[in-house]
Amino acid sequence: MEFVCTIPAEKGEERWLGEVVVKRHSTCMAELLIYGRDSCINAVIGKYMNGQYICIPDIDTGCPLGRLSDLFWNRERLSAHMNGTDAVTVAHALRALSGYTGRDWL
């Protein structure tokens with residue numbers, strides 16, 4: 001599914017297109033490919049006893065998530081582990097997934 005990423009910029013707002021592909025999923029885990037701004041990010045999202053998490057094996061990182069639809073929280077958590085553009089792209093991909101079934105999915 002396609003989505004639009006936005007961030008405040010010096011002159012208005014910066015925008016770019018992204019795409020998230022669900023490679024496989026179950027009731028408590030999903031494997032994703034997230035594309036945006038010359039990046040392809042392989043990610044695994046899932047549930048654990050304290051909420052939801054994301055793992056990005058290609059960059060040896062992972063962190064807890066807020067609700068999938070929570071752009072601010074997820075972007076802040078992810079930006080501690082990856083560049084800002086990719087963090088924004090992944091946060092917007094997660095928000096797009098939250099609309100996949102009309103709820104926060106996992």
Side-chain angles (χ1 to χ4, degrees):
M1 79 190 64
E2 290 189 346
F3 55 91
V4 176
C5 299
T6 59
I7 56 172
E10 196 171 294
K11 295 182 179 179
E13 188 175 69
E14 198 172 336
R15 303 170 69 92
W16 63 92
L17 288 178
E19 182 181 7
V20 60
V21 177
V22 178
K23 297 305 283 182
R24 66 180 147 167
H25 68 88
S26 66
T27 56
C28 60
M29 184 279 294
E31 290 185 46
L32 314 172
L33 284 174
I34 301 168
Y35 300 95
R37 274 254 171 107
D38 300 324
S39 290
C40 176
I41 300 160
N42 294 293
V44 177
I45 59 173
K47 287 182 184 179
Y48 73 118
M49 67 181 162
N50 291 328
Q52 297 175 351
Y53 66 88
I54 187 167
C55 289
I56 306 170
D58 294 343
I59 59 172
D60 297 326
T61 195
C63 65
L65 297 170
R67 294 180 320 277
L68 294 181
S69 59
D70 192 335
L71 276 177
F72 178 78
W73 173 264
N74 293 333
R75 186 191 75 226
E76 289 297 309
R77 293 297 302 217
L78 291 163
S79 65
H81 304 282
M82 60 195 333
N83 73 57
T85 301
D86 286 346
V88 168
T89 301
V90 172
H92 277 84
L94 295 172
R95 184 173 74 171
L97 280 175
S98 74
Y100 189 65
T101 61
R103 57 187 174 84
D104 268 341
W105 201 37
L106 291 174

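Just so you know, these numbers use all the heavy atoms, side chains as well, and skip hydrogens, waters and symmetry mates. This structure is a prediction, so every number in the text was calculated from the model and none was measured.
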- Which pairs count as side chain to side chain donor-acceptor pair (under 3.5 Å) when at least one residue sits in residues 71-82, sequence neighbours excluded? T61-H81
Donor-acceptor list for residues 84-97 side chains, cut-off 3.5 Å, not counting sequence neighbours:
unit_1	atom_1	unit_2	atom_2	d
D86	OD1	S39	OG	2.8
D86	OD2	S39	OG	3.4
D86	OD2	N83	ND2	3.1
T89	OG1	W16	NE1	3.0
T89	OG1	T85	O	3.0
H92	ND1	V88	O	3.0

- Message: Let me check something: do I56 and L71 share a hydrophobic cluster, defined by ILVMFWY side-chain heavy atoms less than 4.5 Å apart, either directly or through other members?
- Response: no
- Locate the shortest heavy-atom distance separating Y35 from F3; write the atom from each residue and the value. O-CZ, 4.3 Å
- Measure the spacing between CD of E13 and SG of C5 and express it to the nearest 0.5 Å. 11.0 Å
- Task: Establish whether I45 and M1 are linked, either directly or via other cluster members, by ILVMFWY side-chain heavy-atom contacts under 4.5 Å.
- Result: yes
- Query: Just how far is it from atom CD1 of I54 to atom CD1 of I34, taken to the nearest 0.5 Å?
  - Reply: 5.5 Å
- Message: Check for me, please, whether I7 and I41 land in the same ILVMFWY cluster - side-chain distances under 4.5 Å, paths through other members count.
- Response: no
- Side chains of N42 and L33 in contact at under 4.5 Å (non-hydrogen atoms): yes
- Message: With rounding to the nearest 0.5 angstrom, report the CD to CG distance, E2 to L17.
- Response: 6.0 Å
- Note on the structure: Here the salt bridge (Lys or Arg N to Asp or Glu O under 4.0 Å) pairs for residues 30-43, sequence neighbours left out, are E14-R37, R24-E31
